[in-house]
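These notes concern the structure reproduced below.
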There are 2 protein chains.
Amino acid sequence: MDLETVKSKLHAMNFRLTQERELVLRTLMESGEMFTAMQLYDRVKEQYNKVGLTTVYRLFEVLTKLRLVTPFLIDGEIYYTFCQGGHHHHFVCLDCHRVKNIYGCEMDTRDFADLGKVEYHRMDLFGHCENCQGSVQPC
Amino acid sequence: MDLETVKSKLHAMNFRLTQERELVLRTLMESGEMFTAMQLYDRVKEQYNKVGLTTVYRLFEVLTKLRLVTPFLIDGEIYYTFCQGGHHHHFVCLDCHRVKNIYGCEMDTRDFADLGKVEYHRMDLFGHCENCQGSVQPC
DNA sequence: AGCTTATAGAAAATGTTTTTCTATAAGGCG
DNA sequence: CGCCTTATAGAAAAACATTTTCTATAAGCT
Ligand SMILES: [Mn+2]
Ligand SMILES: [Mn+2]
Ligand SMILES: [Zn+2]
Ligand SMILES: [Zn+2]
């Protein structure tokens, strides 16, 4: 998905795409990584200009409403990754925090009807991506 | 798993099973639910005596180290559920927050070798358990 | 260009989690 | 048992994370 599409989704919900939001969104979308609010704030600062931390928090809030972001809990911290399109699963690199989408879910939720009514499910794989294999782990 | 087993696991790591920990642990284990620290603190208070909130936080910390607890991120909040035994998946009721274990994982992580080296994975189903189906949703 | 209203960002407020500190008791050992 | 060592309880403070408030600004519309 490109920035223009996100823009229309924002507009459809009466949100605006400000210059600040565009900087943050670009950083998030182009990285393929997941970030805590503070991490994304720092990344934006180093790559572009400075934006307010509040702006990052508010963007995560908005993107969550639009379901354009998926949260991950890792080591007690909440990370967000840009995420859109149909249902899919994830591979998360524990080293570089890059996220890869896995399409083609074969699960049939009817198999679990005895447990209750399944609304949705998630599957996340965690490991070390090709880039990070063999390389020294970040401290 | 019963309390005695947890006790030995604690002792094996040089942790102690105090009266306060036992109260909190009982509440957690017997409920089958997942709790935020504050929720478990409140539940212990109403069912038994009062314990310190710090004690609950510290117990979650210890149980996390022993891998006797699994964290869930729901609506921006971190919940913990008592969780032990071999690899399995979860069904979480969005209403009552009870958790059911799903054994018999058929996934072969080698199917994803092209993505990187998979260390572990999780799968969580979310929905409404039999008890909560048809009943009025909690506010 | 002009209008309306969502947003930026600094500062304050709020909420959550961790740390500190002292008294207590768990568990080990004789 | 009784004694000893050391992990833990819990209150209070500190640290940290997130949300709210408030005013100026600019996005988007006409
Ligand atoms: Mn995704
Ligand atoms: Mn479990
Ligand atoms: Zn990687
Ligand atoms: Zn339920």
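Here is how names work: the chains are called A, B, and so on, in the same order as the sequence lines, proteins then strands, and each is numbered from 1.
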Rounded distance (Å) that lies between atom P of D:dA15 and atom OH of B:Y57: 18 Å
Please report the distance, rounded to the nearest Å, between OH in A:Y80 and P in D:dA17. 14 Å
ring-ring contact (aromatic ring centres under 6.0 Å, His included) evaluation trace for B:H89 with A:H121: CA-CA 11 Å; B:H89 299 156; A:H121 73 276; over 10 Å; no
Run the salt-bridge test on B:E130 and B:K100 with the 4.0 Å N-O cut-off and return the result as yes or no. yes
Enumerate donor-acceptor pairs with a distance under 3.5 Å from any side-chain N or O in residues 27-38 of chain B to protein atoms, sequence neighbours excluded.
from  : atom 1 : to    : atom 2 : distance (Å)
B:T27 : OG1    : B:L23 : O      : 2.7
B:S31 : OG     : B:T27 : O      : 3.4
B:S31 : OG     : B:L28 : O      : 3.0
B:S31 : OG     : B:E33 : N      : 2.9
B:E33 : OE1    : B:R43 : NH2    : 3.1
B:E33 : OE2    : B:R43 : NH1    : 3.3
B:T36 : OG1    : B:Q39 : N      : 3.1

Does any donor-acceptor pair link the side chain of A:R58 with the base of D:dT19 at a separation under 3.5 Å? no
According to a hydrophobic-cluster definition based on side-chain heavy atoms being under 4.5 Å apart (Ile, Leu, Val, Met, Phe, Trp, Tyr only), do B:V99 and B:L66 belong together? no
Within a 6.0 Å radius of atom CG on B:D75, are there more than 12 heavy atoms belonging to other residues, nucleotides or ligands? no
Interatomic distance, A:R16 CZ vs D:dA26 P [rounded to whole Å]: 13 Å
Length of the OH-P vector between A:Y79 and D:dT18, whole Å: 12 Å
Nearest whole Å is fine: how far is D:dA26 P from A:E22 CD? 16 Å
Tell me which of A:N14 and B:T18 sits closer to the 5' end of DNA chain C, going by the nucleotide each one is nearest to. A:N14
Atom CG of A:L53 to atom P of D:dT20: distance rounded to whole Å? 15 Å
Pick the nucleotide of DNA chain D nearest each of A:E61 and A:L17; which residue has the one closer to the 5' end? A:E61
In terms of the nearest nucleotide of DNA chain C, which residue is placed more toward the 5' end: B:M38 or B:K7? B:M38
Using a 6.0 Å cut-off, check whether atom CG of B:D108 has over 12 heavy atoms from anything other than its own residue. yes
Just the rounded figure in Å: distance from P of D:dA17 to OH of A:Y41. 13 Å
So where does chain B start and stop touching DNA chain C, 5' to 3', when the test is distance under 4.0 Å to a non-hydrogen atom? C:dT16 to C:dG27
Exactly one of B:F82, B:Y79, B:F72 should register a ring pair (Phe, Tyr, Trp, His ring centres under 6.0 Å) with B:H90. Which one does? B:F72
